[in-house]
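Report on the structure given below.
Since this is a predicted model, take the numbers as computed values, not measurements. Residue numbering restarts at 1 for every chain, and letters A, B, ... go by the order of the sequence lines.
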Number of protein chains: 2
Amino acid sequence: MDSQVQPKSSTLADSVFEQIRTAIIRGELPPGSKINEPQLSKQYGISRGPLREAIRRLEGCKLVEVKPNAGAKVVSLNSEQALEIYAIRESLEGLACRLAASQVTAADCARLRALLVNHEQQIQSEHGRMYYQKEGDLDFHYLIVQLSGNTHLFNLLCDELYHLLRLYRVQTSRQPSRPRQAFKEHHQIVDALESADGELAELLMKRHISSARESLINKFNQ
Amino acid sequence: MDSQVQPKSSTLADSVFEQIRTAIIRGELPPGSKINEPQLSKQYGISRGPLREAIRRLEGCKLVEVKPNAGAKVVSLNSEQALEIYAIRESLEGLACRLAASQVTAADCARLRALLVNHEQQIQSEHGRMYYQKEGDLDFHYLIVQLSGNTHLFNLLCDELYHLLRLYRVQTSRQPSRPRQAFKEHHQIVDALESADGELAELLMKRHISSARESLINKFNQ
DNA sequence: TATCAATATATTGTTGACATTTTAGCGTAT
DNA sequence: ATACGCTAAAATGTCAACAATATATTGATA
């Protein structure tokens, strides 16, 4: 009902695309829910034209599914699909680590360490519990993918897969588990990057994500 | 100028999306060329509304780039970007092989062999030269990805990356090189799949694609 | 009461028109 | 001849209205 303030984005379709994507990731548009064009166009204060363009872009990002004459639904991931994406992520982030290892600078590694320290402090101050930033470790993964220097890899992971996984986490309101273990693994990865050991960095990252996947499996096996 | 016959797809946006995508992949809309909305809407006999939706979907597939108030251009890949995609492909198809190895049936392997035999015959009959089907080996890769059982992996490779690579091949009018060597490698991969050796299958596939990438590097280094 | 058909409502698909911005063409001045 | 600014044309962004389809509601019947 309330019309949100649109950013300075030049076209309405682009602006609304990002707004809806944010709404989906935040869970304001729950997985499986129908996308009502008249309602949303009223809500964002635009006509259905640009709105439909935005929906089509979301379809391209796999965040919504469009059926002819039935409209669009926010995609809903089951556990199997989440595991599928984890497998892809494991492969691609391993690749990112291997690539990054061959070109990271000392400054890059320092930034990575800073991220980890910062993240750790936030957790310490909360006595091991997560405080507000449920996805702190994503910064770390983002940066590594960026340091790989592979633009397409970056877009693929950060513009598509991560969003899908966040969607799943919202869906299951899942908290990140085993934070202390994750830190150790993160630091080991930076160690490998610092010594320019691509193979090791790849192995450690794949193992790291594989652990997360295992813990996910355990979660819904009980 | 000539209006094409639209398939039985129910919405114009979906139909035109596929038509334009095909046109791009065939090179009828060359990389870097501008997408003129009035012209295309006339050509396909539709109004600009559904056409723009189709363009937005193409944007999601990374096949076109849209700039505000300047329209859409067919994406143009330089050699670096093609290599980036090859690196991703290497990683993901390796994964596909590992996954496939754990669940392929004898019948699946027979289908793979049949594909290879068929492909080889076509080449034999042309005395080692390619005849019409420049992408015969893609069938093989398609099938393996399908046998991996990972739906998201299939969509990612077959609905996005392969299209992008085809676009690059059209751009450079590149013929597949070293066909005989490729066959040998393909058969070795099926061997590994038959013995359910996931690790080996992954290794062989990654090496196979890496070879293709190397030959690509050599091509534009001279 | 439950089921089915017919109607009514709402939503999606599509179009053409209008506003804004960019691009192309033209003439003038240096 | 080149560069600059102005005008005209074209293309993009947006909207509101119409058509087609699906959904919800009502009423009748078993």
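Once you apply a 4.0 Å limit to the heavy atoms of chain B, the touched nucleotides of DNA chain D run 5' to 3' over D:dA11 to D:dT14.
Under the 3.5 Å distance criterion, the side-chain polar atoms of B:Q121 are left unmatched by any main-chain donor or acceptor of B:N118. For A:N221 (side chain) and A:N218 (main-chain N/O), no donor-acceptor pair under 3.5 Å exists by modelled atom type. A donor-acceptor pair under 3.5 Å is formed between the side chain of B:Q103 and the backbone N or O of B:L147.
Sorted by residue number, the members of residues 50-70 of chain B with any non-hydrogen atom under 4.0 Å from DNA chain C read B:P50, B:N69.
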Name each donor-acceptor pair under 3.5 Å that joins a side chain in residues 63-73 of chain A to protein atoms two or more places apart or in another chain, with its distance.
none

In a table with atom names and distances, give each donor-acceptor pair under 3.5 Å that connects a side chain of residues 49-58 of chain B to protein atoms at least two apart or in another chain.
from, atom 1, to, atom 2, distance (Å)
B:R52, NE, A:E53, OE2, 2.7
B:R52, NH1, B:E37, OE1, 3.4
B:R52, NH1, B:E37, OE2, 3.0
B:R52, NH2, A:E53, OE1, 3.4
B:R52, NH2, A:E53, OE2, 3.3
B:E53, OE1, A:R52, NH2, 3.4
B:E53, OE1, A:R56, NH1, 2.5
B:E53, OE2, A:R52, NE, 2.7
B:E53, OE2, A:R52, NH2, 3.3
B:R56, NE, B:E59, OE1, 2.9
B:R56, NH1, A:E53, OE1, 2.5
B:R56, NH2, A:D14, OD1, 2.6
B:R57, NE, A:E59, OE1, 3.4
B:R57, NH1, B:D14, OD1, 2.8

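For the residue pair A:Q171/A:S76, the side-chain donor-acceptor check at 3.5 Å is satisfied.
One interatomic measurement links the two molecules: CD of B:E37 to P of C:dT20, which rounds to 18 Å at whole-angstrom precision. In this structure, A:K42 places its NZ atom 13 Å from P of C:dT12, rounding to the nearest Å. In this structure, CG of B:N36 is placed 14 Å from C1' of C:dA24, rounded to the nearest angstrom. Straight-line distance from the NZ atom of B:K34 to the P atom of C:dT23: 8 Å, rounded to whole Å.
Rounded to 10 degrees, the angle separating the terminal axes of the helix from C:dT1-D:dA30 to C:dT30-D:dA1 is 20°, with each axis obtained from five end pairs.
In this structure, B:H186 NE2 and B:I144 CD1 are separated by 7.5 Å, a value rounded to the nearest 0.5 Å. Rounded to the nearest 0.5 angstrom, A:L83 CG and A:I217 CD1 are separated by 5.0 Å.
The shortest distance between side-chain heavy atoms of A:I88 and B:H152 falls below 4.5 Å. With contacts defined as side-chain heavy-atom distances shorter than 4.5 Å, the pair A:S210/A:R213 qualifies.
Using a 4.0 Å heavy-atom distance criterion, B:G49 is classed as a base contact.
For residues 91-100 of chain B, the side-chain hydrogen bond (donor to acceptor under 3.5 Å, both in side chains) pairs, not counting sequence neighbours, are A:S91-B:S91, B:R89-B:E93, B:E93-B:H141, B:E93-B:Y162, B:R98-B:E202.
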